[in-house]
Amino acid sequence: MGFADDAKDALDATGKKIGRAVDDATDRIEDKVDDVKADANVKKAEADVKHAEAERDATHAKNDFKQKLRDDT
């Protein structure tokens, strides 16, 4: 029974190693997904800031133009 026990132990060890490899791969994929989400959030935030700055600049330009019209009359 020594050979059978050795084979069983080898299969058990192999199964555990494969299980750990799958768990590690899953963790790496989840980490990558988290990285991509974080990058997307930063890009969205940057786009939101640029949009807000553009609106602010447009409002300042409109108000400056209106002030010039008031000063000319």
Side-chain angles (χ1 to χ4, degrees):
M1 286 261 201
F3 177 75
D5 288 338
D6 289 345
K8 182 180 175 186
D9 290 344
L11 286 174
D12 187 45
T14 301
K16 287 180 182 178
K17 188 170 185 172
I18 290 171
R20 284 193 302 270
V22 169
D23 290 343
D24 289 345
T26 302
D27 287 345
R28 283 189 203 101
I29 290 168
E30 289 172 352
D31 291 348
K32 185 63 176 174
V33 168
D34 290 344
D35 286 346
V36 170
K37 284 181 181 179
D39 289 342
N41 286 338
V42 168
K43 288 181 182 181
K44 182 183 181 308
E46 289 172 348
D48 289 346
V49 167
K50 288 180 182 179
H51 182 258
E53 289 173 340
E55 284 185 3
R56 177 202 60 205
D57 293 346
T59 300
H60 286 287
K62 175 189 74 167
N63 290 341
D64 289 346
F65 179 73
K66 287 169 59 179
Q67 183 61 41
K68 286 180 185 176
L69 288 176
R70 286 191 288 269
D71 290 345
D72 288 344
T73 57

Considering only residues two or more places apart or on different chains, which pairs with a residue in residues 49-64 satisfy salt bridge (Lys or Arg N to Asp or Glu O under 4.0 Å)? none
Under 4.5 Å between any side-chain heavy atoms of Lys32 and Arg28, yes or no? no
For a quick check under 3.5 Å, do Gln67 and Asp71 share a side-chain donor-acceptor pair by atom type? yes
What donor-acceptor contacts under 3.5 angstrom involve side-chain atoms of residues 36-46, with partners at least two apart or in another chain?
from	atom 1	to	atom 2	distance (Å)
Asn41	ND2	Lys37	O	3.4
Lys44	NZ	Asp48	OD2	3.1

Only pairs under 3.5 Å count here: list side-chain donor-acceptor contacts from residues 12-26, not counting sequence neighbours, and write none if there are none.
from	atom 1	to	atom 2	distance (Å)
Thr14	OG1	Ala10	O	2.8
Thr26	OG1	Val22	O	2.8

